[in-house]
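In each ligand, atom 1 is the first atom listed, and ligand 1 is the first ligand listed. Note that this is a predicted model, so its numbers are computed, not measured. Basis for what follows: all heavy atoms, side chains included, without hydrogens, waters or symmetry-related copies. In this chain, residues are counted from 1 in sequence order.
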Amino acid sequence: MNNVRDEGIIKFKLTLKRAPAPEQAQFIALEKWRALFYKLSLIGEYPNEKIGYGNLSSRLPKKAFIITGSQTGHLAHLQAHHYTKVIDCDLKKGLVSAEGLIPPSSESLTHYGIYEANPAIQYVFHVHHPKLWEILQNGDCDYISEDIQYGTQEMANAACTLLANKTSGIFVMKGHEDGIISYATTADDAGKNLLELYRKLAVRQ
Ligand SMILES: [Zn+2]
């Protein structure tokens, strides 16, 4: 298998303006689901590489969104300063502009691409799970093909095609090892999409 695990590497040019951490109301729904995903190892850290994985975001007005900070995967619970506000992105140029106390997730451009793909989508949860990823690849799950790298213009285009008429669901990123994305109009729907999948997997074990 090709090494497609490029988790944690920030591939965009970041402009981070130092600003107060987001208000609790802006991330409380993310934190609730994140704590559960951490317990299920859907968010965490690869022990050998010491690289964090899994990131959650919620849309704000205009092109902004709140997202978990870079390299926070090892933490069971996040505090306000671990969340950052992405103000805008440029997929073609690979630019991310953010405000906060921590750089945004290395997968911010992927989240941006999904929000751009369908204005109804309000939450994007990205988790990792090797077995689930494998099972989804061989099933009839929506996917983004393996030759498309995350956080690129190509990924955004593929997401546009995939999500144009869908407001809640799951897709697997074949070119991003272990990577699964859930999206929805509410945090609970985005979370339940993943939990249901996880439970299905547990039955098979
Ligand atoms: Zn990932």
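Restricting His176 to its N, O or S atoms, the one at the least distance from the Zn ion (ligand 1) is NE2. Of all the N, O or S atoms in His126, the one closest to the Zn ion (ligand 1) is NE2.
Considering Ile181, Asn193, Asn55, Leu30 as possible partners of Phe125, the one that fulfils the side-chain contact (heavy atoms from CB on, under 4.5 Å) test is Leu30.
Put simply, Glu107 gets within reach of the Zn ion (ligand 1), with an N, O or S atom under 2.8 Å from it.
Looking at Lys63 and Glu116, a side-chain N of the basic residue comes within less than 4.0 Å of a carboxylate O on the acidic one, giving a salt bridge. Under a 4.0 Å N-O distance rule, the pair Lys166/Asp142 qualifies as a salt bridge.
Scanning for salt bridge (Lys or Arg N to Asp or Glu O under 4.0 Å) contacts around Asp189 gives an empty result, with sequence neighbours left out.
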